[in-house]
> 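I have a structure here, written as structure tokens, and I will follow up with some questions on it.
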Amino acid sequence: MPRNAALAGCLAVVALALTACGAAPEKADNKTATGKDAATATSAADFGGMDALVEAAKKEGVLHAMALPRDWANYGAVIDGFTEKYGIKVEVENPDGSSQDEINAVTSRRGQDRAPDVLDLGTSFAVSGAQQGLFAPYKVAAYGDIPSAQRDDQARWYNDYGGYISIGCDASRVKNCPTSFKDLLKPEYKGQVALNGNPTKSGSAFGGVYAAALANGGSLDDIQPGIDFFGQLKKNGNYTPVESTPATVEKGETPISIDWDYLNAGYADQFKGKGVDWKVAVPEDGKYAQFYAQAINKDAPHPAAARLWQEWLYSPEGQNLWLKGYARPVLMSTMEGAGTLDKAAAARLPQVSGTPTFPTEAQQTAAKGVLAQSWGKAVAG
Amino acid sequence: MTTDMTSRTAAASPAAAPAASAAPAVRTGRRRARRSGALAVVPLLLFTAIAFGLPAAAMLDGAFSVRDPASGTASYGLGNLTASLQGAYLTALVGSVELSATSAVLAALLGLLLAQAIVTSPLRGLREAVLTASGVLANFGGVPLAFAFVATLGNSGVLTRELGLTDTGWNLYSFWGLVLVYLYFLVPLMVLTITPALDGLRTQWREAAQNNGATHRQYWQHVALPVLAPSLLGGLVLLFGSAFAAYATAAAMVGSSVPLVTLQIADAISGNVLIGQENVALALSLDMVLVAGLVMAVYLPLQRRSARWLA
């Protein structure tokens, strides 16, 4: 349907001779050394090895990506590292966009130059996008090392980095920083507890509600206690609906913020010396981890660059860059075994005990349904 | 007084008579002019068809096509529309109507008082200043406005801390907080809308009423307000629409804690959590169009009456 609408839109606009819709990319020189089309290559070997892949990607010269904020999980350094190493320009459109924005761009710009080459998605968007046939299967060199629960068995997507829900706290404004969900209910935190967004929209806020559910007698099958918890916070006046961003953290409008540990830990670095003493704790009573996923657009305008980008992200260099941004890369334990892990960076991560458990796709879908219906009611007022 | 009245009607009737008798003669010429005028409208119609018609058609198409989550095939049905009128979505729709109606009524009252004050004020400069400021403030909205209020009256806002407002139960991030922020741009909008109508109220009417022994209150009740009613209602519709469609201010300020339909649409259409809700968002937009249409339907029949008096 959107395709028809876009077509109709194009026709009407062209008829008016106002402007043309994005031109179709020229895919003249995308054949690999082995005679395969770069758009269907499923591994570096299909190009005739890593060097040939680099060659093909350099010829394209550009990678078009979306929704990669520079201050998120050290993405700034990841992007710069790629450009430095391979001389390929990375264009990031709408850095603060969402997973749905990325999927929308893939479906509405099919065959256009402006379509994103690669996608960094919430795992459930990766799963549903793969079902809709939007992604190209591609196995990076390290594909086999990714835990099987964190990758699609057809290699259409795989997890890239993740983290735990944590409680960030400005120790210069808050006397005793809370370290558990139970603490957050204390009357001393009036108007101070924030999420990073609306949980029906923001993945980290959704994780925050899930973690609160685990802390309050819920389970991966039952998110309701988490919603009730925030309802209680709202009722006793502790919850502030201001969505925490670097700006609100710096200004002190959100002195306590429930967010991914890599974002909270990043704030600590970012605002040191600006009057913000940001402390980060992963609450023992509500441990919830989640990973994002990488995928390649099936109709990527720069198919070779897209594949090289994946190889870069899953190389020890790329993985360590995420780690430096306090995000836990998916190959962390493999790299620890192989001795390629940046130990200093790993030691700076907020401490967590035990291994994370992830909700299944069905559990997540059910939880989202419950959340969409009762979140508004819980925090209204 | 009496002579004045008769001379007026006498003057008016001869003027009206020739106009009526001349009408048939004029008609043919006017029709020709109308035909060539119609051609000049074509670009506008084309523009409207593309800028408004196409999106509206896409919205209708999307709102009625239901996608099966398992197979991914789409078919026409009422599923999205039904979903958009249930549970949290219905709450948001009702919330939006409540918020818009409350702030529109408040802004209309305050705007009317302010406009009346500057219209009757002998200070010409004051009038100009207020009108100019209104023109600027009526267009001050979105995220900047939200942050101006957050910095002033938010949890750690300047006034909040100076005056210790938190202890009095003040909370900017609530229904009434949002109403306050909306008033900031709705009141100036009302002043701009209603001032011409107030200017149109002739002093003679008031004098006539007073000469007949009417009190101030009676004058307003029986003369001024009935004449103003259509303009007031028109202003109210405009304010309602303005508040109903507002998004950025609310999104930046209250997040999800005040249920609003525009926020729900944003969640459904571009987010990291809900999947496959795009068409429900389109159905919600359709609901908004219907609500706006209903409100307009109340106003349009009255517009003609307003034109008769205030032309």
Side-chain angles (χ1 to χ4, degrees), chain A residues 1-2 4-5 8-9 12-13 16 18 97-101 103-104 121-122 124-125 127-128 131-133 173 190-192 194-195 197-206 234 237 239-243 247-248 251-255 364-365 368-369 371-377 379-381, chain B residues 43 46-47 49-50 53-55 57-59 61-62 65 67 69-72 74 86-89 91-92 95 147 150-151 154-157 160 166 169 171-175 177 251-260 263-264 266-280:
Chain A
M1 272 303 126
N4 287 343
V13 170
L16 267 185
L18 284 174
S98 67
S99 296
Q100 184 68 54
D101 291 336
I103 295 288
N104 290 348
L121 300 159
S124 42
F125 283 86
V127 171
S128 87
Q131 278 166 357
Q132 292 172 46
R173 285 174 202 269
K190 205 166 173 55
Q192 294 186 324
L195 281 168
N198 174 355
T200 58
K201 190 176 184 191
S202 141
S204 70
F206 174 70
K234 168 79 195 177
Y239 178 70
T240 170
V242 183
E243 303 179 352
T248 62
K251 273 196 338 216
E253 190 68 15
T254 54
Q364 274 205 40
T365 311
K368 285 169 185 178
L371 185 82
Q373 283 311 316
S374 41
W375 173 258
K377 219 176 291 163
V379 296
Chain B
L46 262 181
F47 178 78
I50 289 164
L54 272 182
M59 182 185 81
D61 181 66
S65 49
R67 189 182 291 157
S71 61
Q86 275 172 357
Y89 291 127
T91 318
F147 279 112
V150 168
N155 284 336
S156 60
T160 318
T166 314
N171 179 12
L172 179 66
Y173 311 112
S174 63
F175 182 85
M253 231 181 71
V254 297
S256 54
S257 65
V258 176
L260 292 180
L263 299 180
Q264 290 282 359
D267 292 357
I269 219 161
S270 111
N272 273 322
V273 177
L274 300 176
I275 296 177
Q277 300 287 307
E278 304 97 290
N279 287 349
V280 177

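The chains referred to below are lettered A, B, ... by the order of the sequence lines, with proteins before strands, and numbering in each begins at 1.
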> Of the backbone (N, CA, C, O) and the side chain (C-beta and beyond), which part of B:Ala266 lies under 4.5 Å from a heavy atom of chain A, both, or neither?
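For B:Ala266, backbone and side chain are both near chain A.
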
> Against chain B, label A:Lys190 side chain, backbone, both or neither, depending on which of its atoms sit under 4.5 Å from a heavy atom there.
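Neither part.
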
> With only heavy atoms counted, which part of A:Lys368 is less than 4.5 Å from chain B, the side chain, the backbone, both or neither?
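For A:Lys368, the contact with chain B is made by backbone and side chain together.
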
> Under 4.5 Å from any heavy atom of chain A, what part of B:Ile269 do you find: side chain, backbone, both or neither?
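For B:Ile269, the backbone is the part near chain A, not the side chain.
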
> Of the backbone (N, CA, C, O) and the side chain (C-beta and beyond), which part of A:Glu253 lies under 4.5 Å from a heavy atom of chain B, both, or neither?
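Interface part for A:Glu253: both.
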
> For A:Ala194 versus A:Thr254, what's the shortest heavy-atom pair and its separation?
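Shortest heavy-atom contact: CB-CG2, 3.6 Å.
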
> Please look at B:Gln264 and chain A and tell me whether the side chain, the backbone, both or neither of the residue comes under 4.5 angstrom of a heavy atom of that chain.
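No part of it gets close to chain A.
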
> Under 4.5 Å heavy-atom distance to chain A, tell me which part of B:Ser270 shows up: side chain, backbone, both or neither.
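Both parts, backbone and side chain.
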
> For A:Thr200, is it the side chain, the backbone, both or neither that has a heavy atom under 4.5 Å from a heavy atom of chain B?
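Both backbone and side chain.
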
> Please answer whether the main-chain N or O of A:Asn198 pairs with a side-chain N or O of A:Ser202 as donor and acceptor at a distance below 3.5 Å.
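No, the answer is negative, given that no donor and acceptor are paired below the 3.5 Å cut-off.
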
> Shortest non-hydrogen contact from B:Asp267 to A:Lys201?
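Taking every non-hydrogen atom into account, OD1-CD, 3.3 Å.
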
> Apply side chain to side chain contact (heavy atoms under 4.5 Å, CB included) to A:Ser99 and list each qualifying residue two or more places apart in sequence or on a separate chain.
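Partners of A:Ser99 under the side chain to side chain contact (heavy atoms under 4.5 Å, CB included) test: A:Leu121, A:Phe125, B:Asn272.
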
> Going by the rule side chain to side chain contact (heavy atoms under 4.5 Å, CB included), which residues pair with B:Asn279 if we only count those two or more places apart in sequence or in a different chain?
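Per chain and number, B:Asn279 pairs via side chain to side chain contact (heavy atoms under 4.5 Å, CB included) with B:Ser65, B:Asn80, B:Leu282.
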
> What are the two closest non-hydrogen atoms of B:Val258 and B:Ser174, and how far apart are they?
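Shortest heavy-atom separation between B:Val258 and B:Ser174 comes out as CG2-C, 3.8 Å.
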
